[in-house]
**Student:** 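Before I ask anything, let me first share the structure, which is written out below as structure tokens.
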Amino acid sequence: DLDVSVMEPPEIVPFTFGSETIDQGKYAQLTCVIRSGDHPIAITWSLKGDIINSDPTLTTTTLGTQASMLVITSVDYHHSGVYTCRAENAAGITTYSAELKVNVPPRWTVEPTDKQFAQGSDAKVDCKADGFPKPQISWKKAAGNKPENYRDLDTQVQSNVKVIDGALVLKNVQKASEGYYLCKSTN
């Protein structure tokens, strides 16, 4: 008598985070369910290719013998990336992945400060922010001599005013350039 058994590799049910992007601080979850495959089945999670070790905001939990759940209680930018569920048994290895993108509000990396420049010189005021999606930097100037009623800087009309890589650049500064400027970061 010859006994032939065919081993079946694991089959993972497709999964997703449920939306294209998730806001910073929100809850996110993936459940990796093995539809079929011979036992025992080992299930592991990885992020950007590295095996996941639980941290205070990220945990993995085995559910029975054919499922594992990954929970992020408060997503942050460092949680962004491709999450992969890997299921392995004697017949083979199967993987399935989902990408997590985290919306992060802009935060200053270089905040503008008050500056003084000599008349006729060139002036540069830096302003930088990061976040996801990458923030856009724009500048406004106060209409009067108080920090209020800001209006968009029209770099088309004022040829000596430019915004280069987030920095406000004024060529040949004159008394008329004096005033309050506002750097705005939006994503």
Side-chain angles (χ1 to χ4, degrees), residues 9-37 39-89 91-115 124-140 150 152-153 162-169 181-187:
E11 183 189 348
I12 299 173
V13 176
F15 54 79
T16 140
F17 280 102
S19 61
E20 181 68 23
T21 57
I22 295 177
D23 292 339
Q24 184 180 30
K26 297 286 191 223
Y27 177 92
Q29 172 185 318
L30 288 177
T31 305
C32 182
V33 176
I34 314 306
R35 181 179 289 139
S36 60
H39 289 259
I41 299 171
I43 303 170
T44 53
W45 288 96
S46 62
L47 169 59
K48 301 174 205 158
D50 296 325
I51 297 289
I52 291 176
N53 295 311
S54 293
D55 71 31
T57 59
L58 190 154
T59 55
T60 59
T61 308
T62 302
L63 307 169
T65 58
Q66 291 188 215
S68 177
M69 185 167 60
L70 178 137
V71 171
I72 306 168
T73 53
S74 177
V75 297
D76 205 346
Y77 189 68
H78 73 273
H79 292 120
S80 298
V82 175
Y83 287 80
T84 302
C85 174
R86 180 183 189 268
E88 180 178 2
N89 68 7
I93 298 167
T94 307
T95 61
Y96 191 86
S97 300
E99 186 175 11
L100 175 63
K101 292 180 183 173
V102 181
N103 284 324
V104 180
R107 56 181 178 267
W108 297 118
T109 55
V110 177
E111 203 167 344
T113 55
D114 292 348
K115 297 259 197 287
K124 182 181 177 201
V125 183
D126 285 312
C127 179
K128 287 191 167 87
D130 69 4
F132 182 84
K134 186 173 169 40
Q136 297 297 310
I137 301 288
S138 61
W139 284 86
K140 295 174 180 271
Y150 286 96
D152 288 336
L153 270 179
K162 288 190 173 44
V163 176
I164 301 168
D165 193 26
L168 177 66
V169 178
Y181 290 82
L182 176 78
C183 175
K184 187 176 175 188
S185 170
T186 49
N187 69 350

**Student:** Starting from the C-alpha separation in whole Å, work towards a yes-or-no answer on ring-ring contact (aromatic ring centres under 6.0 Å, His included) for Tyr150 and Tyr181.
**Tutor:** CA-CA 8 Å; Tyr150 286 96; Tyr181 290 82; 8.7 Å; no

**Student:** Does one side chain, of Ser74 or His79, offer a donor that lies under 3.5 Å from an acceptor on the other?
**Tutor:**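 Ser74 vs His79: no donor-acceptor pair found between side chains.
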
**Student:** For the pair Gln29 and Ile72, evaluate side-chain contact (heavy atoms from CB on, under 4.5 Å) and give the outcome as yes or no after the intermediate values.
**Tutor:** CA-CA 6 Å; Gln29 172 185 318; Ile72 306 168; over 6 Å; no

**Student:** Give, for atom OG of Ser138 and atom CG of Leu153, the distance between the pair rounded to the nearest 0.5 Å.
**Tutor:**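 Ser138 atom OG to Leu153 atom CG measures 9.0 Å (nearest 0.5 Å).
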
**Student:** Is Val125 close to Trp139 at the side-chain level, that is, under 4.5 Å between some pair of heavy atoms?
**Tutor:** yes

**Student:** Indicate yes or no for a side-chain donor-acceptor contact from Gln66 to the backbone of Ile34 under 3.5 Å, with no hydrogens or angles considered.
**Tutor:** yes

**Student:** Dump the intermediate steps for side-chain contact (heavy atoms from CB on, under 4.5 Å) on Cys183 and Ile137, then the final yes or no.
**Tutor:** CA-CA 7 Å; Cys183 175; Ile137 301 288; 3.7 Å; yes

**Student:** If you define the side chain from C-beta out and look only at heavy atoms, does anything of Lys26 sit under 4.5 Å from Gln24?
**Tutor:**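 The answer is no; the side chains never approach within 4.5 Å.
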
**Student:** side-chain contact (heavy atoms from CB on, under 4.5 Å) between Cys127 and Leu168: does it pass, once the steps are laid out?
**Tutor:** CA-CA 8 Å; Cys127 179; Leu168 177 66; over 6 Å; no

**Student:** Has Asn89 got a side-chain atom pairing as donor or acceptor with Ala91's backbone, closer than 3.5 angstrom?
**Tutor:**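 It does hold such a pair.
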
**Student:** Please give me the minimum heavy-atom distance between Ile22 and Val75, naming the atom from each residue.
**Tutor:**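 Ile22 and Val75 have their closest heavy atoms at CG2-CG2, 3.7 Å.
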
**Student:** Around atom NZ of Lys115, are there more than 12 heavy atoms of other residues, nucleotides or ligands at under 6.0 Å?
**Tutor:** yes

**Student:** Report the distance from atom CZ of Phe17 to atom NZ of Lys101, rounding to the nearest 0.5 Å.
**Tutor:** 12.5 Å

**Student:** I'd like to know if the side chain of Thr21 reaches the main chain of Val102, judged simply by a donor and an acceptor atom lying under 3.5 Å from each other, with no hydrogens or angles considered.
**Tutor:**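 Checking the backbone N and O of Val102 against the side chain of Thr21, no donor-acceptor pair under 3.5 Å is found.
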
**Student:** Applying side-chain contact (heavy atoms from CB on, under 4.5 Å) to Thr31 and Leu63, what does each step give before you reach the verdict?
**Tutor:** CA-CA 9 Å; Thr31 305; Leu63 307 169; 4.3 Å; yes

**Student:** Quick check for you: to the nearest 0.5 Å, what is the distance between Ile93 atom CD1 and Thr44 atom OG1?
**Tutor:**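 Between Ile93 CD1 and Thr44 OG1, I get 9.0 Å after rounding to 0.5 Å.
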
**Student:** Which atom pair, heavy atoms only, marks the closest approach of Lys124 to Val169?
**Tutor:**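 Answer, listing the atom of Lys124 first, then Val169: CG-CG2, 4.1 Å.
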
**Student:** Counting only heavy atoms from other residues, nucleotides and ligands, does the tally under 6.0 Å from NZ of Lys140 exceed 12?
**Tutor:** yes

**Student:** Please tell me if the side chains of Thr94 and Glu11 come closer than 4.5 Å, counting only heavy atoms from C-beta onward.
**Tutor:** no

**Student:** CD/Glu99 to OG1/Thr16 distance, rounded to the nearest 0.5 angstrom?
**Tutor:** 11.0 Å

**Student:** Between the side chains of Thr109 and Asp130, is a donor N or O closer than 3.5 angstrom to an acceptor N or O?
**Tutor:** no

**Student:** Where do Pro106 and Asn187 come nearest, in terms of heavy atoms and distance?
**Tutor:** CD-OD1, 3.1 Å

**Student:** For Phe15 together with Trp45, are the ring centres under 6.0 Å from each other?
**Tutor:** yes

**Student:** Hey, what do you get for SG (Cys32) to CG (Leu70), rounding to the nearest 0.5 Å?
**Tutor:** 10.0 Å

**Student:** Return the minimal non-hydrogen interatomic distance between Ala67 and Ile43, and the atom names on each side.
**Tutor:** N-CD1, 3.7 Å

**Student:** Looking only at the side chains, is there a donor atom on one of Trp108 and Ser185 sitting less than 3.5 Å from an acceptor on the other?
**Tutor:** no

**Student:** Should the pair Tyr77 and Phe132 be assigned to parallel (<30°), tilted (30 to 60°) or perpendicular (>60°) ring geometry?
**Tutor:** tilted

**Student:** Rounded to the nearest 0.5 Å, how far apart are OH of Tyr83 and CG of Leu58?
**Tutor:** 5.5 Å

**Student:** Which atom pair, heavy atoms only, marks the closest approach of Pro133 to Asn103?
**Tutor:**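 Closest approach of Pro133 to Asn103: CD-OD1, 3.8 Å.
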
**Student:** State, to 0.1 Å, how close Leu47 and His78 come at their nearest heavy-atom pair, and which atoms those are.
**Tutor:**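 Looking at all heavy atoms of both residues, the shortest contact is CD2-O, 4.2 Å.
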
**Student:** Counting neighbours of CD on Gln136 that are heavy atoms of other residues, nucleotides or ligands and sit closer than 6.0 Å, is the number greater than 12?
**Tutor:**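 Not buried by this count: 12 neighbours or fewer within 6.0 Å.
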
**Student:** Please check if the side chain of Lys48 supplies one atom and the backbone of Ser80 the other of a donor-acceptor pair under 3.5 Å.
**Tutor:**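 The answer is yes, because a donor-acceptor pair under 3.5 Å joins these two groups.
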
**Student:** When you compare the side chain of Ile12 with that of Cys85, does any pair of heavy atoms fall below 4.5 Å?
**Tutor:** yes

